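Bear in mind the structure is a predicted one, so any value in this text is a computation, not a measurement. Both backbone and side-chain heavy atoms feed into the values below; hydrogens, waters and symmetry mates do not.
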Amino acid sequence: DAMGATMATYCGQNVGACRLDRLSRGIRSCALLGLGYSVIAFCAMLRFAPQCALLFLDSRELDAALLTQLAARYILIQSAFFFPLSLVNIVRFSIQGMGFSPFAILAGVLEMAARTGVGLLLVPAFGFTAACFASPAAWVCADLFLIPACMACIAKLRRLYPNTPGEES
């Protein structure tokens, strides 16, 4: 979320300054930071997912071992998809910062549709594990829309402001 908020400001300022050459570079750099964070977080969860689950569970519960195992599975699946989540935040907020908010709203609708599809189609067949993939499916679906939309937004800005500083004409 912090990376996304940062990118909204970064993109808005650079569009305002007509420094469109910085947009792609900034998004790429922030995505690399998101990738680094995602890898570190996933590695940590590979080791500590059960302990993290116990932060939210009472080990004295009747089925504590089963609940811990299920919660750890959920945590691992979610953390395996932190990079697509970081891209959702980075790219969505970048698009908003560039002034194209409707694309960001449409991505939210696509996320909801993906979660609904997983819930209706996969959960009945595969149960809890499929439910764990509802949010990752939403993030991937949103990225499949947001990344090309972001590139299109940058291309549109370059057409609107063809002679911006730092760009070759």
Side-chain angles (χ1 to χ4, degrees), residues 1-17 19-42 44-45 49 52-53 55-56 70-161:
D1 287 342
M3 288 182 188
T6 299
M7 289 309 296
T9 302
Y10 176 86
C11 289
Q13 288 175 337
N14 281 294
V15 168
R19 291 301 310 259
L20 304 182
D21 58 310
R22 295 179 179 170
L23 296 176
S24 296
R25 208 170 357 147
I27 293 168
R28 194 175 317 113
S29 295
C30 196
L32 286 173
L33 287 172
L35 177 62
Y37 166 80
S38 299
V39 169
I40 291 168
F42 179 66
M45 289 305 102
C52 288
L55 292 171
F56 304 99
L70 292 172
R73 182 185 318 164
Y74 177 80
I75 290 168
L76 277 173
I77 290 170
Q78 298 303 297
S79 65
F81 288 87
F82 278 172
F83 182 59
L85 173 60
S86 68
L87 287 178
V88 166
N89 288 321
I90 292 164
V91 178
R92 178 186 319 215
F93 282 99
S94 294
I95 289 171
Q96 287 177 313
M98 287 183 253
F100 297 96
S101 295
F103 284 129
I105 294 167
L106 184 55
V109 172
L110 291 171
E111 285 185 70
M112 184 179 62
R115 284 186 178 95
T116 301
V118 169
L120 292 175
L121 302 174
L122 298 179
V123 171
F126 300 104
F128 176 76
T129 300
C132 293
F133 281 95
S135 287
W139 303 331
V140 169
C141 184
D143 284 337
L144 291 173
F145 169 75
L146 285 168
I147 293 169
C150 185
M151 294 181 336
C153 291
I154 293 170
K156 181 172 183 172
L157 288 170
R158 286 185 175 147
R159 284 190 305 276
L160 288 172
Y161 310 106

Engineer: Find the distance between CD (Glu111) and CG (Leu106) and round it off to the nearest 0.5 Å.
Structural biologist: 10.5 Å
Engineer: Could you measure the distance from the OG atom of Ser86 to the CZ atom of Phe81? Nearest 0.5 Å is fine.
Structural biologist: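 The distance works out to 13.0 Å.
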Engineer: Arg28: what forms a salt bridge (Lys or Arg N to Asp or Glu O under 4.0 Å) with it, not counting sequence neighbours?
Structural biologist: none
Engineer: Show me the donor-acceptor pairs, under 3.5 Å and distance only, between side chains in residues 121-129 and residues at least two apart or in other chains.
Structural biologist:
{"from": "Thr129", "atom 1": "OG1", "to": "Arg73", "atom 2": "NH1", "distance (Å)": "2.7"}

Engineer: Just so I know, are the side chains of Pro136 and Ile77 near enough to count as touching, which here means a heavy-atom distance under 4.5 Å?
Structural biologist: yes
Engineer: Restricting to non-hydrogen atoms, name the atom on Leu87 and the atom on Ala31 that form the minimum distance, rounded to 0.1 Å.
Structural biologist: CD2-CB, 3.8 Å
Engineer: Which pair of non-hydrogen atoms, one from Ala71 and one from Ala53, has the smallest distance, and what is that distance?
Structural biologist: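 Minimum heavy-atom separation between Ala71 and Ala53: CB-CB, 3.5 Å.
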Engineer: Check the pair Cys150, Ile27 against side-chain contact (heavy atoms from CB on, under 4.5 Å), reporting the backbone distance first and the verdict last.
Structural biologist: CA-CA 10 Å; Cys150 185; Ile27 293 168; 3.5 Å; yes
Engineer: To the nearest 0.5 Å, tell me how far Ile90 CD1 sits from Phe83 CZ.
Structural biologist: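 Here the rounded value is 7.0 Å.
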Engineer: Please say whether more than 12 non-hydrogen atoms of neighbouring residues, nucleotides or ligands are located less than 6.0 Å from CZ in Phe145.
Structural biologist: yes
Engineer: Rounded to the nearest 0.5 Å, what's the gap from CD1 on Ile154 to SG on Cys11? Could you check?
Structural biologist: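 The SG atom of Cys11 is 7.0 Å from CD1 of Ile154, to the nearest 0.5 Å.
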Engineer: For a quick test of reading the model, state the closest non-hydrogen atom pair linking Ala137 to Val118 and the distance between them.
Structural biologist: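 Taking Ala137 first and Val118 second, the nearest heavy atoms are CB-CG2, 3.7 Å.
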Engineer: Working to the nearest 0.5 Å, report the span between CG of Leu23 and CG of Asp21.
Structural biologist: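 These two atoms lie 8.0 Å from each other.
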Engineer: Side chains of Val15 and Leu20: closer than 4.5 Å at any heavy-atom pair?
Structural biologist: yes
Engineer: Is the closest side-chain heavy-atom distance between Met112 and Arg115 below 4.5 Å?
Structural biologist: no
Engineer: Would you say the side-chain atoms of Tyr10 pair up with the backbone N or O of Arg22, donor to acceptor, closer than 3.5 Å?
Structural biologist: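 Yes; at least one donor-acceptor contact below 3.5 Å.
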Engineer: Look up atom CD1 in Ile105 and atom CD1 in Ile95, then write down how far apart they are to the nearest 0.5 Å.
Structural biologist: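 Atom-to-atom, Ile105:CD1 and Ile95:CD1 are 11.5 Å apart.
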Engineer: Are side-chain heavy atoms of Phe42 and Phe82 found at a separation under 4.5 Å?
Structural biologist: no
Engineer: The test is side-chain contact (heavy atoms from CB on, under 4.5 Å); show your working for Gln78 and Trp139 and say whether it passes.
Structural biologist: CA-CA 10 Å; Gln78 298 303 297; Trp139 303 331; 3.3 Å; yes
